[in-house]
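Below is one structure, written out as structure tokens; comments come after it.
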Amino acid sequence: MKKILQSLTLCALVTTFTLPALALGHSVSLVSATTQDAQAQDPAKAELYKKFTDNRKTNQPVAYEAAKEYLGKYTEDDQYTQYLKKWVASYEKGARASKLNQLIYTDKNYAEAFSTGKQVVADDPNNLKALIDLGYAGYSAAATTKADTYNAEALNYARQAIQQIESGKAPDSWEPFKGRDDTLAYLYFTLGYLNRKTNPSEAVAPFIKSAAFDTDIRKNASTYYFIAAAYDTGMYNKLAEDYQARFANKPASPEQELALANLNQVIDRTIDAYARTIAIAGTDPKNKEIKDLSKNRLTELYKFRHDNSEAGLNEFVTGITAKPLPPVPTPITTLPTPTPSPTPGGSGDGASTGTTPAQPSKPAATTPAQPGNRTTPATTTAKPTAPTATAKPAAPVAKAKPKTAHARRP
């Protein structure tokens with residue numbers, strides 16, 4: 001952590017004093033050809049301009065102050081003021097871009113970062129580095145301050161950054177991220193994290209994409225807890241409530257079986273994500289609470305899908321990381337030919353078989369261990385998805401806690 005933060009600080013200092021300026025070839029000859037005349041007419045004016053030219057390459061902050069002073073004193077629209085105006089505008093553009101990095105990663109001043117960021121993006125809408133930093137800043141602000149003030153802006157910046165990166169573009173430097181994949185993983189994680197409360201169904205896909213890259217995010221238990229939570233509070237609740245509204249206390253029908261099949265495949269994805277949370281959490285003490293919460297909910301859902309039996313559950317959890325993470329389920333529109341239901345616990349994988357499952361018994365009306373009513377789980381030591389990583393600020397492990405639907409389950 002210290003090593004990366006030192007790197008970030010050094011990077012901020014370097015960029016602060018190495019700002020992009022205008023090409024100066026023409027102005028050099030211009031100044032050398034006319035300085036003597038200017039000195040004869042107004043020595044103070046010539047001296048101030050000379051202060052600018054003496055420092056514009058070696059000490060740009062001093063040159064900038066001299067240029068600003070010159071423009072404040074001398075308002076005639078001549079070749080000197082025209083050039084200085086362009087130089088000052090270029091300097092300020094570079095200064096804003098350099099300051100943005102420091103505001104986000106060193107100062108963690110998100111209010112000023114987003115204010116400055118708007119100007120930076122207005123200066124250059126294709127500034128990929130700024131888009132990456134602002135997208136991540138939204139996640140960092142939400143994770144560390146618990147505020148959603150910048151969510152909408154950050155989501156927009158993150159999407160633009162993803163689009164540019166996936167089209168083949170790259171910033172001058174990926175830091176503080178480890179490279180292209182690490183950057184994309186965090187940007188997708190940002191999309192999921194910032195949608196998890198207001199639109200959890202939309203959070204599932206980006207969370208899964210964030211885990212597709214071989215980065216620290218894939219190796220962290222919190223990632224899969226967030227996926228499970230997004231399924232549980234988004235897709236599952238919506239489908240369960242729809243099922244109850246349409247089919248509660250009604251005879252079985254093809255429509256009811258189709259709705260149940262769609263509900264069950266979401267349950268199976270939820271089971272998969274909770275199992276991964278438990279398997280990856282291991283015995284690490286900081287993962288204990290999300291592990292316990294996941295185990296309670298996993299047991300309930302697994303029994304729901306296996307005729308109220310826990311047979312095969314432990315084996316399922318043990319082997320889950322050897323299986324690929326399933327994608328977001330595609331809605332089922334037609335039912336396959338019915339086949340006999342598998343023996344409870346027979347496959348032990350909780351995955352949809354593509355057949356219409358027999359309707360299992362209903363879970364209890366009150367769901368045990370509802371995470372939404374519990375205290376905040378322990379936080380990671382660095383990133384929400386990578387306890388051992390050092391580049392990003394710390395954030396809560398599991399603020400998006402799944403809640404069970406108020407409607408009774410089918």
Side-chain angles (χ1 to χ4, degrees), residues 4 7-8 11-12 14-16 18-20 89-90 92-106 110 112-143 148-196 199 202-218 223 327-328 383-386 389 391-393 395:
I4 297 294
S7 174
L8 286 173
C11 177
V14 171
T15 53
T16 300
T18 312
L19 303 171
S90 180
E92 290 177 344
K93 177 180 176 180
R96 285 192 290 269
S98 297
K99 184 180 180 182
L100 182 61
N101 182 283
Q102 179 178 333
L103 289 171
I104 294 171
Y105 296 107
T106 304
Y110 301 113
E112 189 174 349
F114 277 93
S115 176
T116 300
K118 287 181 181 178
Q119 296 176 288
V120 172
V121 175
D123 290 337
D124 180 7
N126 294 315
N127 187 330
L128 178 55
K129 185 66 170 66
L131 295 174
I132 292 170
D133 291 341
L134 287 166
Y136 178 76
Y139 158 70
S140 186
D148 57 5
T149 309
Y150 314 107
N151 284 12
E153 292 175 83
L155 284 168
N156 182 45
Y157 291 134
R159 290 188 184 105
Q160 290 183 63
I162 289 171
Q163 183 178 25
Q164 288 197 28
I165 295 170
E166 292 186 339
S167 70
K169 295 182 180 179
D172 293 336
S173 170
W174 292 106
E175 289 189 0
F177 302 95
K178 297 176 182 179
R180 178 183 183 276
D181 286 359
D182 192 48
T183 304
L184 282 173
Y186 268 92
L187 289 171
Y188 275 117
F189 191 89
T190 294
L191 296 185
Y193 192 87
L194 299 185
N195 272 310
R196 77 196 193 286
N199 199 355
E202 292 297 317
V204 175
F207 273 138
I208 290 175
K209 285 186 177 181
S210 73
F213 298 95
D214 187 14
T215 68
D216 292 327
I217 286 177
R218 177 189 286 182
T223 301
V328 178
K383 298 187 285 189
T385 56
K392 288 84 178 176

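Quantities reported herein were computed from a predicted structural model and do not represent experimental measurements. The figures here come from the full heavy-atom set of this structure, side chains too, leaving out hydrogens, waters and symmetry mates.
Of all non-hydrogen atoms in Tyr193 and Arg196, the two that sit nearest each other are O-NH1, 2.7 Å. Minimum heavy-atom separation, Leu131 to Pro125: CD1-O, 3.9 Å. When every heavy atom of Ala142 is checked against every heavy atom of Leu194, the shortest pair comes out as CB-CD2, 3.7 Å. Scanning both residues, Thr215 and Ala185, for their nearest heavy atoms gives OG1-CB, 3.7 Å. The nearest pair of heavy atoms linking Leu100 to Ala130 is CD2-CB, 3.9 Å. Contact detail for Gly138 and Ala154: the closest heavy-atom pair is CA-CB, 3.4 Å.
Not a single donor-acceptor pair under 3.5 Å links the side chain of Lys169 to the backbone N or O of Ala161. Not a single donor-acceptor pair under 3.5 Å links the side chain of Asn199 to the backbone N or O of Asn195.
The closest side-chain heavy-atom distance from Asp182 to Trp174 is not below 4.5 Å. Annotation: side chain of Asp181 is not in contact with side chain of Asp214 (no heavy-atom distance under 4.5 Å). Using a 4.5 Å cut-off on side-chain heavy atoms (C-beta onward), Leu184 and Glu166 make contact. No side-chain heavy atom of Tyr186 sits less than 4.5 Å from a side-chain heavy atom of Ile132. Side chains of Gln164 and Asn126 form a contact here, defined as non-hydrogen atoms less than 4.5 Å apart. Counting heavy atoms from C-beta on, the side chains of Tyr157 and Val121 come closer than 4.5 Å. The shortest distance between side-chain heavy atoms of Glu112 and Lys99 falls below 4.5 Å. Residues Leu191 and Arg159 are in side-chain contact: their nearest non-hydrogen atoms beyond the backbone lie under 4.5 Å apart.
The aromatic rings of Phe207 and Phe189 lie perpendicular to each other, with more than 60° between the two planes, well past the 30° mark. Ring planes of Phe177 and Tyr136: perpendicular class, angle over 60° (limits at 30 and 60°).
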Item to check | ring pair (Phe, Tyr, Trp, His ring centres under 6.0 Å) between Tyr150 and Tyr110, worked out | outcome: CA-CA 8 Å; Tyr150 314 107; Tyr110 301 113; 7.1 Å; no
Next on the checklist: One pair to check against side-chain contact (heavy atoms from CB on, under 4.5 Å): Glu92 and Gln119. What are the steps and the verdict?
Outcome noted: CA-CA 10 Å; Glu92 290 177 344; Gln119 296 176 288; over 6 Å; no
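Interatomic distance, CZ of Phe114 versus OG1 of Thr149, reported as 9.5 Å (0.5 Å rounding). Taking OG1 of Thr116 as the reference point, atom CD of Gln102 lies at 10.5 Å (rounded to 0.5 Å). Between the CD1 atom of Ile162 and the CG atom of Leu187 there is a distance of 5.0 Å, given to the nearest 0.5 Å. For the atom pair NZ (Lys129) and CG (Leu134), the distance works out to 9.5 Å, reported to the nearest 0.5 Å.
Applying the 6.0 Å contact sphere to CG of Asp172 captures no more than 12 heavy atoms from other residues, nucleotides or ligands. Residue Lys209 places its NZ atom among 12 or fewer non-hydrogen atoms of other residues, nucleotides or ligands, all under 6.0 Å distant. Summarising the local packing, CD of Gln163 is surrounded by 12 or fewer heavy atoms from other residues, nucleotides or ligands at distances under 6.0 Å.
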